[in-house]
Amino acid sequence: MDFFDFHHHKKNIPNGIYNLNIEQIPPDVPYSIGIHPKDIDVNNLDNQFKWMKNMIFENCFAIGECGLDSFAEAEEKIQEEVFLRQIRFANEVKKPIIIHCVRKFYEVISFKKYAEQPMIIHGFNKKERIAEDLLKNNFYLSFGKAVLYNLSLQNTLKITPLDKIFLETDNDDFSIEELYEKVSEIKGISLENLNKQILENLETIKNG
């Protein structure tokens, strides 16, 4: 069985979404393209957006990673402007939005009203309260390696509806199958049904 890796950084995985780094050329697999908060270059923003627009090919699945990060060098106001611009671009090209968020979840929620496309928080590893607020606002949550060992996160996963879940390896070196097995155990669902549900979730976000 092939397991879909929602967000990864390895070019050789055909069954997933490759995170395209700034100024890269897209590979021949599904990819996402965006300006990460840590890659914002205030003196080169027009060129960064021009690169994004020029790299929207058939294999482009989503816009992202984009979002807000309290540790990024760019000022919060600039980050918010770049995030909003990418949300509007996603609306224009009709692509879901993969969000990078560090200690800015309620600010990210405040941007939901601008999005016409689904928004997915990648690498979600926070507590139930934040998950509940995101889910109330119709965000999807993509979980990664931390689910394998973080008991608090496992409890968060338990309260997350199956139709709002994705699974990813991100930058971590482990098997996506291991994560699917753990999640199927936590959610009390067969691997086959978990896989089927995540593929259905993909179709849902793909169709807006």
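Keep in mind the model is a prediction, meaning the values are calculated, not measured.
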Item checked: Any K206 side-chain heavy atom under 4.5 Å of F61 side chain -> yes
Note to self: Using a 3.5 Å distance criterion without hydrogens, assess whether the side chain of N150 forms a donor-acceptor pair with backbone atoms of S152.
What the structure shows: yes
Next item on the list: Say whether, by atom type as modelled, one donor and one acceptor occur between the side chain of D5 and the main chain of T169 under 3.5 angstrom.
Entry: yes
Margin query: What's the separation between atom NZ in K145 and atom CG in N171, rounded to the nearest 0.5 Å?
Written below: 11.0 Å
Notebook entry, point to check: Under 3.5 Å, side chain of K50 to main-chain N/O of L45, donor-acceptor pair present?
Noted result: no
Note to self: Within the supplied structure, the quantity of interest is the number of heavy atoms (other residues, nucleotides, ligands) at a distance under 6.0 Å from K113 NZ; does it exceed 12?
What the structure shows: yes
Item checked: Check ion pair E185-K182 (N to O, under 4.0 angstrom) -> yes
Margin query: For the CG atom of L134 and the CZ atom of R129, what is their distance to the nearest 0.5 Å?
Written below: 10.5 Å
Notebook entry, point to check: Between CD1 of I120 and CG of L141, what distance do you get to the nearest 0.5 Å?
Noted result: 10.0 Å
Margin query: Are Q154 and L151 packed together at the side-chain level, in the sense that at least one heavy-atom pair is separated by less than 4.5 angstrom?
Written below: yes
Checklist line | Whether H9 and H7 hold their rings parallel, tilted or perpendicular, with breakpoints at 30° and 60° | finding: perpendicular
Check: Short question: side chain of N201, backbone of I165 - any donor-acceptor pair under 3.5 Å?
Finding: yes
Note to self: Using only atom types and a distance under 3.5 Å, with no angle test, would you say the side chain of Q48 pairs donor to acceptor with the backbone of D39?
What the structure shows: yes
Item checked: D46 and R85 ion-paired at < 4.0 Å -> yes
Notebook entry, point to check: Quick one: does L68's side chain get under 4.5 Å of F105's, heavy atoms only?
Noted result: no
Item checked: Under 3.5 Å donor-acceptor, W51 side chain and Q24 backbone -> yes
Notebook entry, point to check: Counting heavy atoms not belonging to K94, are there more than 12 under 6.0 Å from its NZ?
Noted result: no
Next item on the list: Please examine the side chains of L20 and P27, heavy atoms only from C-beta on, and report whether any two atoms are closer than 4.5 Å.
Entry: yes
Check: Under 3.5 Å, is there a donor-acceptor pair between the H8 and E168 side chains?
Finding: no
Item checked: Flag side-chain contact, heavy atom, 4.5 Å: K126 against T156 -> no
Next item on the list: Look at the side chain of Q117 and the backbone N and O of A90, then say whether any donor-acceptor pair between them is shorter than 3.5 Å.
Entry: no
Note to self: Quick one: does any side-chain atom of N91 pair with a main-chain N or O of E116 as donor and acceptor, under 3.5 Å?
What the structure shows: yes
Next item on the list: Please round to the nearest 0.5 Å and tell me the distance separating atom CE of M1 and atom CD of E177.
Entry: 8.0 Å
Notebook entry, point to check: How long is the span from the CD atom in Q197 to the CG atom in D163, to the nearest 0.5 Å?
Noted result: 6.0 Å
Checklist line | Non-hydrogen side-chain atoms of L194 and L162 separated by less than 4.5 Å | finding: yes
Notebook entry, point to check: So, the side chain of Q86 versus the backbone of I35: is there a donor-acceptor pair under 3.5 Å, distance only?
Noted result: yes
Check: Going from CD on E75 to CD on E80, what distance comes out if it is rounded to the nearest 0.5 angstrom?
Finding: 11.0 Å
Next item on the list: Would you check if there is a donor-acceptor pair between the side chains of K164 and N138 at a distance under 3.5 Å?
Entry: yes
Checklist line | Parallel, tilted or perpendicular: ring planes of F111 versus F83, cut at 30 and 60 degrees | finding: tilted
Check: N19 and Y31: side-chain donor and acceptor closer than 3.5 Å?
Finding: no
Next item on the list: Identify whether the distance between the nearest side-chain nitrogen and carboxylate oxygen of K196 and E192 falls below 4.0 Å.
Entry: no
Next item on the list: For the pair D41 (side chain) and N43 (backbone), establish whether a donor and an acceptor sit closer than 3.5 Å, ignoring hydrogens and angles.
Entry: yes
Next item on the list: Mind telling me whether F6 and F166 have parallel, tilted or perpendicular rings, with 30° and 60° as the class edges?
Entry: parallel
